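Data first, discussion second: the structure below is written as structure tokens.
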There are 2 protein chains.
Amino acid sequence: MANIQQVAKHAGVSVATVSRVLTGKNIVTAKTKQKVEEAIQYLNYEPSMLGRNLRNSESRIVLILIPTISNPFYFEIIKGIENMALSQNYSILLCETDSKPEKEEIYFDLLRKKMADGIISMDPAVNVETLKELSENYAIIQCSEYGGGVGIPYVTIDSEEASYRAVKHLIQIGHRKIALMNSDEKFLYARERRMGYERALREHGIPLNKDYILYTQELGFEQGQLAMKKILQLEDRPTAVFGVSDLLAIGALKEINAAGLHVPNDIAVVGFDKIDFSNMTNPALTTVAQPMYKMGTVAARMLIEKIQGKPVDSVVLGFELVIRESTTG
Amino acid sequence: MANIQQVAKHAGVSVATVSRVLTGKNIVTAKTKQKVEEAIQYLNYEPSMLGRNLRNSESRIVLILIPTISNPFYFEIIKGIENMALSQNYSILLCETDSKPEKEEIYFDLLRKKMADGIISMDPAVNVETLKELSENYAIIQCSEYGGGVGIPYVTIDSEEASYRAVKHLIQIGHRKIALMNSDEKFLYARERRMGYERALREHGIPLNKDYILYTQELGFEQGQLAMKKILQLEDRPTAVFGVSDLLAIGALKEINAAGLHVPNDIAVVGFDKIDFSNMTNPALTTVAQPMYKMGTVAARMLIEKIQGKPVDSVVLGFELVIRESTTG
DNA sequence: GATGAAAATGTAATCGATTTCATTTTACAG
DNA sequence: CTGTAAAATGAAATCGATTACATTTTCATC
């Protein structure tokens, strides 16, 4: 509980000198340095971030905005962000918005009140207006999800292409009746994924069937079950389902099994994200793997550069189709 | 980017008066209050937590120590902690230790450097010595996991009784050959759960079979698969498996399915924790539900009271056995 | 209108560090 | 031994709030 004053006094030097030893930037005689270090040892001194942060006008905390902590999709990204942040002496504060503006505001306020130095937003439902406004004065990066054309740097993958490749895979193994379980198209990624889906069909001369496209409010397991229920009731039942999240696809799996049908023999299933659980289901899920860890580290680096006032450019990363039992038996 | 000085100047009052308006504690004339509020509006002023925190010698941040963010078991607890913390104007910093002392130290340092006001530890592998030492000067609560007899307040459930009830359920539906997939017994909860298992067997006159007790390094899916592989190779194959975490049980499920056996007809499975995914598997998992959200709110309240210097007592919460398809078909 | 207590406001110290600028010490050449 | 430039150190301002204490204002009462 000692402070820098007491260390200075005990070492017989000024606080400035102690500070120099602490930050290690300025030159200090080996002898005085040792005196100071002994005093630090003796008093069990730990520099207070409160004082340092005030003086430096920084908090060394970055915010990560996610809609919900329950979606494992964010795990690897968060790990990536965290490791990069930690290596630069930043701590991360995980902010669950529940896609509610009120909760979002709590965290925006943290930024305004200097409790945080920047934000990495992964919430597709984020208020883009406010975000845009904040980005004029604060460091903000969009990760994975992004609102187009607002001038906020982002890191993401090519959703359209990823979706195209997933559907193309289904077509190549013989499917022509392919359902799409999509998210609300107010989200850019949802529009892009539908476009990829349509492009694959078009390219293979498969006519678009509106009944095969379903929209869900959220990307969770229950929504997947519900959507699958509807699909199973269609007269001309699809032989394959592409869900834009693994949780949706896992919900579909469960529902198909419950109906006494077999995956992939009766219906093949493809997911999106390659969350840990996509490998634990029965059968294991074919899915699109985003480079999540990488995405996290890139986002963190971009944010820190933004905080330091450097200019940063948006980044589009690659992806990979992981073929497993739910499409190939 | 205005500070309190500028607000005071613009409103024609002293900084003390502005501060009084901000904190709302001291009495200020309606007229001056209005002047100040107008100035705040006009200058777009937001009080800096950096200044406030230094002056108040607090950071209003609490740390949550978890071994890994990938285990969904922690979700609900975290939500509980977060909501309670938020309501008291605290923010939470999620700290993944990977059960590594080095990472743990990073977060302990945050506490020592006044970057955090307290810690809720959910890491069973935490260094209890250091924790004990820290608890003399800082606010610390153990949640869910705890090292006994170190004098740090904790909130948990009665693991022995929960385990006893889970095994008793298996016995009641006719099983006598019951395997236990347990965690390393260096953890108190692992010892308690084995004791509950043994008590249930003893009470029903079932002799203990050492071969039926397996130990895993971690509580993950892969460890569950591995353990199940071993169990399937036993000469006298068990008809039921009790895993001390849902992830272990889900690993077992997958492995049983892969071996062409049926759950629960060939082998019944029981998990522990009632994570979201325990309901998404095929079949849905019978499991022990811990009151996770409640546990989180209680832990947070205890921590905040500790921070405020109040004395706090440990709490043991109830649990519930959730019977689903993996034991009853 | 004077008086005094209560209410409102202001002044200045404080929290704990960093950093600019001034001063002292060191080291080396002459 | 002296002079001087460079290196080391110190004094004090600063970051932005809160608050103890001092001072001023208000207002009921006589």
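Computed from a predicted model, the values in this text were never measured in an experiment. To find a chain, count down the sequence lines: A is the first, B the second, and so on, and within it residues start at 1.
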Legend entry - Any A:Thr32 side-chain N or O less than 4.0 Å from OP1/OP2 of D:dA8: no

Legend entry - 4.5 Å side-chain heavy-atom contact, B:Met49 and A:Lys114: no

Legend entry - Separation of C:dT9 P from B:Gln34 CD (nearest whole Å): 13 Å

Pairwise N/O distances under 3.5 Å, protein to nucleotides 10-17 of chain D:
unit_1 : atom_1 : unit_2  : atom_2 : d
D:dG10 : OP2    : A:Ser14 : N      : 2.8
D:dG10 : OP2    : A:Ser14 : OG     : 3.1
D:dG10 : OP2    : A:Thr17 : OG1    : 2.7
D:dG10 : N7     : A:Arg20 : NH1    : 3.4
D:dG10 : O6     : A:Arg20 : NH2    : 2.6
D:dT14 : O2     : A:Arg55 : NH1    : 2.8
D:dC15 : O2     : A:Arg55 : N      : 3.4
D:dG16 : N2     : B:Gly51 : O      : 3.1
D:dA17 : OP1    : B:Tyr45 : OH     : 2.7
D:dA17 : OP1    : B:Ser48 : N      : 2.5
D:dA17 : OP2    : B:Ile4  : N      : 2.4
D:dA17 : OP2    : B:Tyr45 : OH     : 3.4
D:dA17 : O5'    : B:Tyr45 : OH     : 3.2

Legend entry - Note: B:Lys33-B:Glu38 ion pair, threshold 4.0 Å (strictly below): no

Legend entry - Whole angstrom value for the distance that separates C1' of C:dG10 from NZ of B:Lys9: 17 Å

Inset, instruction - Using a strict 4.0 Å threshold on nitrogen-to-oxygen distance, state whether B:Glu58 and B:Arg60 make a salt bridge. - result: yes

Inset, instruction - Using whole Å, report how far CG of B:Asn53 lies from P of C:dA17. - result: 15 Å

Inset, instruction - State, yes or no, whether a side-chain contact exists between B:Ile119 and B:Tyr107 at a heavy-atom distance under 4.5 Å. - result: no

Legend entry - A:Tyr74: side chain to side chain donor-acceptor pair (under 3.5 Å) partners, not counting sequence neighbours: none

Inset, instruction - Find out whether B:Thr156 and B:Glu145 are in side-chain contact, i.e. whether some heavy atom of one side chain is under 4.5 Å from a heavy atom of the other. - result: no

